[in-house]
J.: 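Below you'll find the structure I mean.
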Number of protein chains: 2
Amino acid sequence: MTVNIKDVARVAGVSVSTVSRALGEGPVSAEVREQVQAAVRATGYKPNLSARRLRSQRTQTIGLIVADIRNPFFTAVGRAVEDAAYRAGMRVILCNTDEDPAREALYLTLMQEERVTGLIFAPTRATLDRLQADALDFPMVLIDRAGPGGQFDTVLLDNREASATLVDHLVSRGYTRIGGLFGATSTTGVERRDGYLAAMAARGLTGEARFVPPSAEAAENAAAAWLRQPDRPQALLVSNGLFLTGVVKAARTLGLRIPHDIAVAGFDNEPWTELVEPGLTVIEQPVETIGREAMALLFQRLRTPDAPTRKVVLSGRCVARGSTAALPRT
Amino acid sequence: MTVNIKDVARVAGVSVSTVSRALGEGPVSAEVREQVQAAVRATGYKPNLSARRLRSQRTQTIGLIVADIRNPFFTAVGRAVEDAAYRAGMRVILCNTDEDPAREALYLTLMQEERVTGLIFAPTRATLDRLQADALDFPMVLIDRAGPGGQFDTVLLDNREASATLVDHLVSRGYTRIGGLFGATSTTGVERRDGYLAAMAARGLTGEARFVPPSAEAAENAAAAWLRQPDRPQALLVSNGLFLTGVVKAARTLGLRIPHDIAVAGFDNEPWTELVEPGLTVIEQPVETIGREAMALLFQRLRTPDAPTRKVVLSGRCVARGSTAALPRT
DNA sequence: AATTTTTGTGGAAACGTTACCACTAAGCAC
DNA sequence: GTGCTTAGTGGTAACGTTTCCACAAAAATT
């Protein structure tokens with residue numbers, strides 16, 4: 001049926017082992033290498049990666065498990081990971097969990113069955129607790145979410161700092177009654193909440209944090225309910241880019257003007273955050289760097305399996321826009 | 001090292017073939033199946049997918065080659081494809097070409113080496129011409145872009161109709177000097193251009209179409225140059241969601257109000273198109289359906305390889321918003 | 001010149017599965 | 001009871017590679 005290395009060997013007039021060496025590395029005379037390459041062209045031979053992986057015990061595959069590729073943060077990180085992987089001659093298997101622990105478990109065993117070289121994972125809090133390093137046969141790098149203790153290599157944003165930056169920014173613009181909307185399923189949400197509460201407390205303010213399920217709709221509903229209250233906050237700190245669409249939509253629906261009736265500050269510097277009037281103040285995450293750094297950590301771990309685990313904490317960049325314009329003195 | 005089927009067989013006290021049958025399908029006594037499952041649990045056995053694929057000659061893998069997963073259209077389609085695939089017990093290999101024919105060729109041979117069961121592909125015009133069905137060892141479904149003649153199964157938007165709908169909409173709102181901005185590398189851009197020109201001609205209007213490379217920056221630059229002209233159009237028809245961000249940004253930079261100074265209508269109903277004032281009029285593509293339908297076509301092709309090829313043409317939905325508000329009578 | 005090392009090659013044994021074949025024992029029809 | 005099917009099982013040959021080993025010839029070292 002399909003042409004294999006044996007056919008190439010026959011056409012080239014050499015042994016299969018020579019063909020294998022000629023295609024990979026290994027001592028082969030220039031002359032023979034020519035012949036083999038000619039035979040490959042003549043026969044249209046394409047190596048069978050399953051066979052290669054089985055025999056060599058190297059899959060050259062890395063797994064990437066994220067909540068939802070439609071979340072622009074993960075899209076960008078995913079793209080960076082893929083680029084780095086393909087540049088290193090590796091493939092990527094991408095899985096979406098929708099923050100569902102059951103699916104996380106499912107995909108985790110899939111990764112085992114694929115015998116991936118390594119895994120990049122953004123787990124929910126629920127599975128984070130269940131993860132034991134020794135249960136996996138490959139190194140794992142956590143992104144966006146941190147585990148307890150230095151159990152795994154990790155790369156994430158300095159979430160506490162980022163939240164504090166936003167709080168500082170809002171306070172400096174005159175806002176004091178600031179609410180916070182955070183994702184319920186990730187440690188990211190918790191960290192951002194903590195940073196927010198700490199920064200508020202440091203300024204003698206009391207914050208109110210609310211947690212919502214990880215979807216734009218949930219955020220919209222929560223924001224709508226909150227903003228309908230007579231004692232609604234003056235400003236809302238919003239934990240991610242998905243939520244931001246929901247919050248802005250809720251404000252629009254209720255006829256509230258940004259920032260006049262409600263100021264908004266959030267995370268993820270998506271292109272549209274600049275375009276929606278009056279521009280949304282956001283923390284820009286170094287998404288490319290996160291993806292690349294995760295791959296770098298993975299490769300280093302593969303090279304030196306017993307090195308101490310590393311946690312790369314990256315700082316966000318605050319992009320101030322009209323959604324947090326200074327509150328007029330009353 | 002890692003536990004294999006032989007180990008399980010030994011622990012369960014049966015032969016390897018029995019273990020294989022017990023895990024897959026095949027006649028196995030209930031009693032033995034129990035024992036095998038117990039042995040699997042005891043040993044922590046995880047089947048090796050490379051071996052399974054090599055032996056069974058079924059990879060259960062489908063390839064997905066798109067321009068850029070960061071383009072929200074492809075993100076959504078990709079997500080739908082993945083869901084359908086994983087539901088069918090299949091894996092997905094995702095590749096980004098950035099509309100680069102060289103990378104398309106690279107990934108096409110990768111798909112061959114992976115021995116994928118099938119491929120879903122959004123090719124550039126350049127490779128579309130080069131594609132010969134007989135050169136591939138697996139069925140391929142084209143999405144978003146159509147090849148010449150019914151050579152491949154295809155699922156895409158009715159681009160001509162969609163463009164015409166937008167033109168009609170703009171004309172009915174009083175616009176006559178309407179320009180069009182289209183993607184240069186895809187048939188999609190060409191089809192939308194054709195539909196636009198035809199609809200303009202049908203109304204006795206002359207259109208002007210410009211092609212740009214597939215990036216938001218390119219669209220922004222092109223739009224800025226265009227809108228700086230004294231005889232700039234009253235309205236712009238914009239070929240995709242990526243371009244839309246660029247066009248809106250260009251308008252903002254030049255201080256042009258939408259729709260007062262420049263009306264905008266485009267493609268892809270992203271969440272933010274509703275949020276950017278005064279709301280962008282867009283054609284909403286049935287992205288989920290496109291992904292699902294592509295998978296469906298693929299599975300049907302696998303079942304009946306010799307059936308005539310099918311082309312599924314889906315209609316877009318026009319979502320009218322403020323960016324095309326009626327032109328005041330002068 | 002004798003030796004050791006290097007280079008290039010072929011044969012064959014893996015890698016971990018599944019699928020084919022052969023076989024036994026049991027069930028069923030006559 | 002004889003034949004015939006069927007369920008359940010084990011042995012073993014693939015699947016298409018890479019890698020180990022052996023070996024010859026050439027090159028380098030002594």
J.: Just compare D/dT18, C/dT17, D/dC20 and give me whichever is closest to any side-chain atom of A/Arg52.
T.: D/dT18
J.: Are A/Asp153 and A/Arg310 within salt-bridge range, i.e. N to O under 4.0 Å?
T.: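 No, A/Asp153 and A/Arg310 are not salt-bridged.
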J.: Atom CZ of A/Arg53 and atom C1' of C/dC15: how far apart are they, to the nearest Å?
T.: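 Distance check: A/Arg53 CZ to C/dC15 C1' gives 14 Å.
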J.: Do B/Phe152 and B/Phe121 have ring centres separated by under 6.0 Å?
T.: no
J.: Provide, to the nearest angstrom, the distance between the CZ atom belonging to A/Arg21 and the P atom belonging to D/dG16.
T.: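 These atoms are roughly 21 Å apart.
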J.: Quick one: B/Glu113 CD to D/dG16 C1', roughly how many Å, whole number?
T.: 13 Å
J.: Can you measure B/Glu34 atom CD to D/dG8 atom C1' for me and round it to whole angstrom units?
T.: 17 Å
J.: Could I get the full list of side chain to side chain contact (heavy atoms under 4.5 Å, CB included) partners for A/Ala67, not counting sequence neighbours?
T.: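 Listed in chain order: A/Phe74, A/Thr97, A/Glu99, A/Arg145.
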J.: How close or far is atom P of D/dT17 from atom CD of B/Glu114, stated in whole angstroms?
T.: 13 Å
J.: Is any NZ, NE, NH1 or NH2 atom of the basic residue among A/Arg53 and B/Glu113 found under 4.0 Å from an Asp or Glu carboxylate oxygen of the other?
T.: no
J.: What is the distance, to the nearest angstrom, from the CZ atom on A/Arg33 to the P atom on C/dG8?
T.: 9 Å
J.: Could you pull out the protein-nucleic contacts involving nucleotides 13-15 of chain D (nitrogen or oxygen on both sides, under 3.5 Å)?
T.:
from	atom 1	to	atom 2	distance (Å)
D/dA14	N3	B/Arg55	NH1	2.7
D/dC15	O2	B/Arg55	N	3.4

J.: Under a 4.5 Å cut-off applied to non-hydrogen side-chain atoms, are A/Val116 and A/Asp137 in contact?
T.: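 No. Closest side-chain heavy atoms not under 4.5 Å.
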J.: Nearest whole angstrom, please: distance from the P of C/dG16 to the CD of A/Gln112.
T.: 15 Å
J.: Check step by step if salt bridge (Lys or Arg N to Asp or Glu O under 4.0 Å) holds for A/Arg87 and A/Asp83.
T.: CA-CA 6 Å; A/Arg87 249 196 317 275; A/Asp83 282 351; 5.3 Å; no
J.: Which of the following nucleotides, C/dG10, D/dT17, C/dG8, is nearest to the side chain of A/Tyr45?
T.: D/dT17
J.: Would you state whether a donor and an acceptor, one from the side chain of A/Ser17 and one from the base of C/dG11, lie under 3.5 Å apart?
T.: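 Per atom types, the contact qualifies.
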J.: Indicate, yes or no, whether a donor-acceptor pair under 3.5 Å links the base of C/dG16 to the side chain of A/Arg115.
T.: no
J.: Between atom CZ in A/Arg10 and atom C1' in D/dT17, what is the gap in whole Å?
T.: 16 Å
